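The structure under discussion appears below in the form of structure tokens.
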Amino acid sequence: MNVMSHSDLPAKRRLLIVFGTRPEALKCFPVARAALDHSGFLTRICVTGQHRELLDQVIQLTSLPVHYDLNIMQPGQTLFDVTARVLTGMAEVLDEFKPDIVMVQGDTTTAMAAALAAFYKRISVAHVEAGLRSHNINSPFPEELNRKVAANIATWHFAPTALARDNLVAEGTDPANIFVTGNTVIDTLLHFSATIDADAMMNAELSSRFPYLDPSKKMILVTGHRRENFDGGIDRICHALRVLAARGDVQIIFPVHPNPNVRGVVDAELGNVPNIHLITPQEYLPFVYLMKQSYLVLTDSGGVQEEVPSLGKPVLVMRDNTERPEGVAAGTARLVGTDIDKILSNANALLDDQLAYRGMAGRHNPYGDGRASTRIIEELLRHD
Ligand code: UD1
Ligand code: UDP
């Protein structure tokens with residue numbers, strides 16, 4: 001009988017997964033779960049705490065273990081604060097765990113600074129959700145640059161779509177290091193959406209959280225938080241929502257992001273407006289429930305733009321450009337910017353014209369099939 005000694009066993013890859021905000025946590029969850037369950041990796045999770053409450057909501061829902069927490073969030077933090085605190089915090093974690101691979105996701109300052117920290121320690125980086133480009137360095141700001149910095153550092157590029165791969169190839173990235181996987185947010189969405197669908201009690205509990213929802217009125221779900229919309233954009237969005245609410249046949253549900261630059265304006269402009277419900281940031285399950293209940297979604301969020309097409313709802317994107325043009329090409333998303341007239345004309349058309357509505361509604365999956373995380377783990381195991 002051949003007995004394997006410890007030294008014959010294939011060495012486990014030491015994988016450090018780093019994230020700090022709500023969308024990164026939601027998008028890293030299925031990859032982290034797959035890595036933690038795979039014997040080929042010794043996986044550790046480091047949260048920067050760039051977000052606190054929003055991040056903790058996801059950690060609680062997913063039960064992911066947190067091995068390191070840099071706990072950096074400060075109220076009203078600047079980009080300088082976040083960058084500096086992630087960079088210095090990461091140095092210690094990298095020295096302690098000594099990973100072979102650092103995995104980052106997307107375009108946040110956490111992702112950019114954690115990739116930079118790994119580079120300074122000469123550790124290979126895997127970049128999930130690589131290659132999205134608006135081709136405008138100022139929008140989304142600072143995310144377009146953050147994503148490009150991560151791309152310059154990364155060894156492995158997990159591109160959600162063929163277009164994202166093409167963007168990387170056009171910038172000179174070796175195609176052999178790019179893998180088109182789909183977006184992991186669809187893995188997360190399909191998982192939790194199926195959980196809701198399969199559980200009548202959960203459905204009833206989620207419904208009971210919104211007793212004020214009136215089934216006779218169409219529900220418009222709204223989110224907004226982009227930095228490039230702080231300079232008047234959020235005010236214009238609020239103005240458009242006030243006009244929409246005055247139609248009387250719609251109800252607007254707006255979970256307000258805790259960023260003081262958002263909350264201050266939204267509370268002042270939309271507090272106590274009939275047919276507008278400002279609510280706290282929702283945990284993921286109730287938020288998925290609201291997306292499923294909605295007639296139409298208005299957002300400037302990246303993740304929401306990716307999720308809504310998979311649920312068969314139209315989405316009006318309150319941005320001038322997008323690094324996620326696949327939804328627009330599929331006909332399920334439309335760019336309306338923060339121009340009041342444009343928001344109103346597009347929303348009113350979808351509310352009043354069933355043909356226009358049906359043209360945009362309908363299930364599309366330009367961003368993935370729910371198997372992105374499996375592909376990412378398989379590729380990482382294949383490459384040294
Ligand atoms: C960050 C990301 C953005 C991402 C967004 C997701 C950067 C530069 N920005 O923007 O790409 O789309 O997260 O939501 O990385 N706050 C809380 N509690 C929280 C989270 C935030 O109170 O749980 C408040 C704090 O006052 C904090 C402020 O919001 O200082 C801003 O947070 P920050 O992460 O810097 O910016 P976001 O606008 O959330
Ligand atoms: N989301 C949530 N609760 C909310 C609003 C959004 O769980 O109240 C989820 C949403 O489904 C998506 C993610 O958070 O998966 C998007 O996060 P956000 O809009 O903050 O960031 P972005 O995607 O723009 O970077």
Side-chain angles (χ1 to χ4, degrees), residues 19-30 47-62 71-83 85-86 104-114 129 132 139-147 149-150 183-193 209 221-230 234 253-264 278-292 294 297-308 310-311 315 317-319 322-324 367:
F19 51 87
T21 65
R22 168 174 66 194
E24 293 167 85
L26 286 165
K27 290 171 169 182
C28 284
F29 152 65
V47 300
T48 64
Q50 175 177 337
H51 282 176
R52 193 68 275 167
E53 300 86 347
L54 299 190
L55 175 72
D56 293 346
Q57 284 180 345
V58 184
I59 298 292
Q60 202 187 353
L61 171 71
T62 56
N71 198 23
I72 66 158
M73 197 194 91
Q74 296 168 324
Q77 62 202 0
T78 67
L79 295 174
F80 296 89
D81 297 326
V82 178
T83 307
R85 287 159 73 84
V86 171
V104 299
Q105 193 286 334
D107 60 6
T108 65
T109 295
T110 283
M112 181 274 292
E129 201 190 70
L132 281 62
S139 173
F141 174 88
E143 289 83 1
E144 178 81 355
L145 180 68
N146 281 346
R147 205 185 290 273
V149 171
N183 197 308
T184 57
V185 79
I186 305 300
D187 305 18
T188 307
L189 174 69
L190 296 184
H191 172 78
F192 287 109
S193 175
R209 294 186 187 207
L221 180 63
V222 180
T223 78
H225 68 81
R226 298 240 76 84
R227 273 183 164 72
E228 63 275 13
N229 284 343
F230 290 171
I234 304 265
I253 311 290
F254 191 163
V256 185
H257 193 287
N259 192 323
N261 295 302
V262 179
R263 210 174 47 192
L278 303 182
I279 57 176
T280 53
Q282 295 296 291
E283 293 162 24
Y284 192 59
L285 280 172
F287 190 75
V288 172
Y289 174 85
L290 287 174
M291 285 195 285
K292 286 159 85 81
S294 66
V297 179
L298 266 61
T299 191
D300 65 12
S301 157
V304 177
Q305 256 179 91
E306 292 157 342
E307 292 169 326
V308 173
S310 291
L311 296 173
V315 56
V317 180
M318 297 184 294
R319 296 171 49 173
T322 181
E323 70 281 29
R324 294 169 167 90
Y367 298 110

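Keep in mind it's a predicted model, so treat the numbers as computed, not measured. As the structure lists them, so they are numbered: ligands from 1, and atoms in each ligand from 1.
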Short N or O contacts of ligand 1 with protein, under 3.5 Å, listed by atom name?
from: ligand 1; atom 1: 9 (N); to: E143; atom 2: OE2; distance (Å): 3.4
from: ligand 1; atom 1: 11 (O); to: E143; atom 2: OE2; distance (Å): 2.5
from: ligand 1; atom 1: 12 (O); to: R226; atom 2: NH2; distance (Å): 3.3
from: ligand 1; atom 1: 13 (O); to: H51; atom 2: NE2; distance (Å): 3.1
from: ligand 1; atom 1: 14 (O); to: H257; atom 2: NE2; distance (Å): 3.1
from: ligand 1; atom 1: 15 (O); to: Q50; atom 2: NE2; distance (Å): 2.9
from: ligand 1; atom 1: 15 (O); to: T109; atom 2: N; distance (Å): 2.8
from: ligand 1; atom 1: 18 (N); to: E53; atom 2: OE1; distance (Å): 2.6
from: ligand 1; atom 1: 23 (O); to: R52; atom 2: N; distance (Å): 3.1
from: ligand 1; atom 1: 23 (O); to: E53; atom 2: N; distance (Å): 3.0
from: ligand 1; atom 1: 23 (O); to: E53; atom 2: OE1; distance (Å): 3.0
from: ligand 1; atom 1: 23 (O); to: L54; atom 2: N; distance (Å): 2.9
from: ligand 1; atom 1: 26 (O); to: G76; atom 2: N; distance (Å): 2.9
from: ligand 1; atom 1: 30 (O); to: Q74; atom 2: O; distance (Å): 2.8
from: ligand 1; atom 1: 30 (O); to: G76; atom 2: N; distance (Å): 3.0
from: ligand 1; atom 1: 30 (O); to: Q77; atom 2: N; distance (Å): 2.9
from: ligand 1; atom 1: 32 (O); to: Q77; atom 2: NE2; distance (Å): 3.4
from: ligand 1; atom 1: 34 (O); to: Q50; atom 2: NE2; distance (Å): 3.0
from: ligand 1; atom 1: 34 (O); to: H51; atom 2: NE2; distance (Å): 3.3
from: ligand 1; atom 1: 34 (O); to: Q77; atom 2: NE2; distance (Å): 3.3
from: ligand 1; atom 1: 35 (O); to: Q77; atom 2: NE2; distance (Å): 2.9
from: ligand 1; atom 1: 36 (O); to: R227; atom 2: NH1; distance (Å): 3.4
from: ligand 1; atom 1: 38 (O); to: N259; atom 2: ND2; distance (Å): 3.1
from: ligand 1; atom 1: 39 (O); to: H51; atom 2: NE2; distance (Å): 2.7
from: ligand 1; atom 1: 39 (O); to: H257; atom 2: NE2; distance (Å): 3.2

(request) Identify, with sequence neighbours excluded, every residue that meets side chain to side chain contact (heavy atoms under 4.5 Å, CB included) alongside D56. (result) R52
(request) With sequence neighbours left out, write down each residue that passes salt bridge (Lys or Arg N to Asp or Glu O under 4.0 Å) with R263, or none if nothing qualifies. (result) none
(message) At less than 4.0 angstrom from any atom of ligand 2, which residues have a non-hydrogen atom? List them by chain and residue number.
(response) R22, P23, L26, H225, R226, P255, P281, Q282, Y284, F287, M291, S301, G302, G303, V304, E307
(request) Please state whether the rings of F29 and F192 are parallel, tilted or perpendicular, taking 30° and 60° as the class boundaries. (result) tilted
(request) Check the pair Q305, T322 against side-chain hydrogen bond (donor to acceptor under 3.5 Å, both in side chains), reporting the backbone distance first and the verdict last. (result) CA-CA 10 Å; Q305 256 179 91; T322 181; 2.9 Å; yes
(request) Answer yes or no: is there a donor N or O on one side and an acceptor on the other, between the side chain of Q105 and the main chain of C28, under 3.5 Å? (result) no
(message) When you measure from the side chain of S294 to the backbone of M291, do you find a donor-acceptor pair of N or O atoms at a distance under 3.5 Å?
(response) yes
(request) May I ask you to check whether T108 and N146 show a side-chain donor-acceptor distance below 3.5 Å? (result) no
(request) In plain terms, say whether R227 and E143 are close enough for a salt bridge, that is, a side-chain N and a carboxylate O under 4.0 Å apart. (result) no
(request) Spell out, as yes or no, whether a donor-acceptor pair under 3.5 Å connects the side chain of E129 to the backbone of R147. (result) no
